[in-house]
Amino acid sequence: TYSQGSGQKINLQKSSLYFDSHCPPNIKQKVMDALNVRNEALQATYLGMPSYVGQSRVGVFNFIVERMWKHVQGWNDKPLSRAGKEVLLKSVAQVIPTYVMNCFKLPDGIYEKMRATISNHWWGFEGAEIWKELKKRCGFSRCDSLKPKRWDPPPEGWVMVNVDAAVFQKLNRMGLGIVIRNHKGDFLAAYRQGIDKITNPELAETLAIRRAIVFASGLPHVRVIIATDCLSVVQKLQKEVKDRSSTGIIIQDIKKTMSASNVLFSFIHVSRYCNVVAHAL
């Protein structure tokens, strides 16, 4: 019917059939003989969309979240203004799922992950400037209605390492806490340590991140997100130029440790509220 209607001929050698897993072998053979098609295969995707959607709908459409995540992470090193990042998020990141959404009803879990990816990028890196602007315009230093109210999980296949440091001037020492969770929010590991004679806050945060890198490298995870509430350290780690500040030597050591590791690391800045579990350690 298709050949007669379109005038095109089907190439049976390039054609393939898909059968349900419960289909008996004898039925499969009869269908293949009747259609004269010998290939039994299923492409994972066709035109960028899944060919088959099973019971695990979140796992099938998780490629959308990963694609959006890669785009967002690639913008972290670009010195863009808040307006520039808003344009990229609206014209690129939010357009990624449009084609698939025209054909499939995505699970709520995928929508939540996409929202978390965009909000983490926007609030994580622009939060400090936004609070300064709000303080100048509105006369307050905090805006609880805009602050993220909960910890957002990483994309599937990634783990998030929340790390925080605290200094104790009277005791002349610092403490650090590390908490690792997966995309479901399940607890995986934790670590805490005290170091004497360290009372500089930025130095303490930098040492805590280095400890988190070493700690995460020893675990069976290949894609790790380091989340910290110290924006200055995140910015230094994302710059390719050599850092000549007081923490520059440690920053360079962190970069060397990451380059020698088989783990893919990514850094994000989060609010203190999202880092409260690591701080409690």
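Quick caveat: nothing in here was measured; it's all calculated off a predicted structure. Along the sequence shown, the residues carry numbers beginning at 1. Only heavy atoms go into these numbers, but all of them, side chains included; no hydrogens, no water, no symmetry mates.
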If we only count heavy atoms from C-beta on, is the D152 to V270 side-chain gap below 4.5 Å?
no

Hey, quick one: are I10 and L35 part of the same hydrophobic cluster, counting side-chain heavy atoms closer than 4.5 Å, chains of contacts allowed?
yes

So, S261 side chain and T257 main chain: donor-acceptor pair closer than 3.5 Å or not?
no

CG of L106 to CZ of F61, rounded to nearest 0.5 Å, is 5.5 Å

Would Y99 end up clustered with Y111 when hydrophobic side chains under 4.5 Å apart are linked, directly or stepwise?
yes

Other cluster members, F168 - Ile/Leu/Val/Met/Phe/Trp/Tyr, side-chain contacts below 4.5 Å
L171

When rounded to the nearest 0.5 angstrom, what distance separates CE in M160 from CD1 in I180?
12.0 Å

Exercise: identify the closest heavy-atom pair between V37 and S15:
CG1-O, 3.5 Å

Do I250 and L203 pass the side chain to side chain contact (heavy atoms under 4.5 Å, CB included) test, and can you show the C-alpha distance, the side-chain angles, and the key distance before you say yes or no?
CA-CA 9 Å; I250 304 175; L203 177 60; 3.3 Å; yes

Using side chain to side chain contact (heavy atoms under 4.5 Å, CB included), reason through V72 and V92 one step at a time and then give a plain yes or no.
CA-CA 9 Å; V72 170; V92 179; over 6 Å; no

Verdict with reasoning, I209 to T228, per side chain to side chain contact (heavy atoms under 4.5 Å, CB included):
CA-CA 8 Å; I209 291 177; T228 174; 3.9 Å; yes

Between I225 and P155, is there a side-chain heavy-atom distance shorter than 4.5 Å?
yes

What closest approach, in Å, do A165 and A204 show between heavy atoms, and which atom pair accounts for it?
CB-O, 3.5 Å

What's the verdict on side chain to side chain contact (heavy atoms under 4.5 Å, CB included) for V163 and L176, showing C-alpha distance, side-chain angles and the deciding distance?
CA-CA 7 Å; V163 54; L176 63 89; 5.6 Å; no

Exercise: identify the closest heavy-atom pair between V95 and S91:
CG2-O, 3.3 Å

So, using salt bridge (Lys or Arg N to Asp or Glu O under 4.0 Å) as the criterion, who are the partners of K255 when residues are at least two apart?
none

Within this structure, what is the CD1-CD distance for the pair I251 and Q238, rounded to the nearest 0.5 Å?
11.0 Å

W69, L264: one ILVMFWY side-chain cluster at the under-4.5 Å cut-off?
yes

Provide the full list of salt bridge (charged side-chain N to carboxylate O under 4.0 Å, His left out) pairs with a residue in residues 30-39, sequence neighbours left out, each pair given once.
D33-R38

Nearest heavy-atom pair of I178 and A212: which atoms, and what distance?
CD1-CA, 3.5 Å

The complete set of ring-ring contact (aromatic ring centres under 6.0 Å, His included) pairs with one or both residues in residues 210-237, sequence neighbours excluded, reads Y191-F215

Nearest 0.5 angstrom please: F187 CZ to N182 CG, how far?
11.0 Å

Can you confirm whether I268 sits close enough to V234 that some side-chain heavy atom of one is under 4.5 Å from a side-chain heavy atom of the other?
no

With sequence neighbours left out, what residues match R211 under side chain to side chain donor-acceptor pair (under 3.5 Å)?
none

Side-chain contact test, heavy atoms from C-beta onward, threshold under 4.5 Å: evaluate it for F104 versus I64 and give yes or no.
no

Looking at E205 and K236, is any side-chain nitrogen of the basic one under 4.0 Å from a carboxylate oxygen of the acidic one?
no

With distance as the sole test, does E156 use its side chain to make a donor-acceptor pair with the main-chain N or O of H183 at under 3.5 Å?
no

Is it the case that atom CG in L219 sees more than 12 heavy atoms from other parts of the structure closer than 6.0 Å?
yes

For residues 234-266, the ring-ring contact (aromatic ring centres under 6.0 Å, His included) pairs (sequence neighbours left out) are none

So, using side chain to side chain donor-acceptor pair (under 3.5 Å) as the criterion, who are the partners of D253 when residues are at least two apart?
R210

Gap between atom SG of C23 and atom CD of Q29 - 0.5 Å precision:
11.0 Å

Any pair with a residue in residues 3-13 that passes salt bridge (charged side-chain N to carboxylate O under 4.0 Å, His left out), sequence neighbours left out, goes on the list, sorted by first then second residue, please.
none

Does any pair with a residue in residues 91-104 pass salt bridge (charged side-chain N to carboxylate O under 4.0 Å, His left out), and if so which ones, sequence neighbours excluded?
none

Test salt bridge (Lys or Arg N to Asp or Glu O under 4.0 Å) applied to K28 - qualifying residues, sequence neighbours left out:
E40

Check whether V222 and I226 end up in the same hydrophobic cluster, where Ile, Leu, Val, Met, Phe, Trp and Tyr are linked by side-chain heavy atoms less than 4.5 Å apart.
no

Connected via hydrophobic side-chain network under 4.5 Å: I96 and M101
yes

Please report the shortest heavy-atom distance between L231 and H269, naming the atom on each side.
N-CD2, 3.4 Å

Could you pull out the closest heavy-atom pair between E202 and N200, with the gap in Å?
N-OD1, 3.1 Å

Would you mind reporting whether K113 and N62 have side-chain heavy atoms less than 4.5 Å apart?
yes

Under the rule for salt bridge (Lys or Arg N to Asp or Glu O under 4.0 Å), what residues qualify as partners of D196, not counting sequence neighbours?
R173

Contact list for residues 95-108, test salt bridge (charged side-chain N to carboxylate O under 4.0 Å, His left out), sequence neighbours left out
none

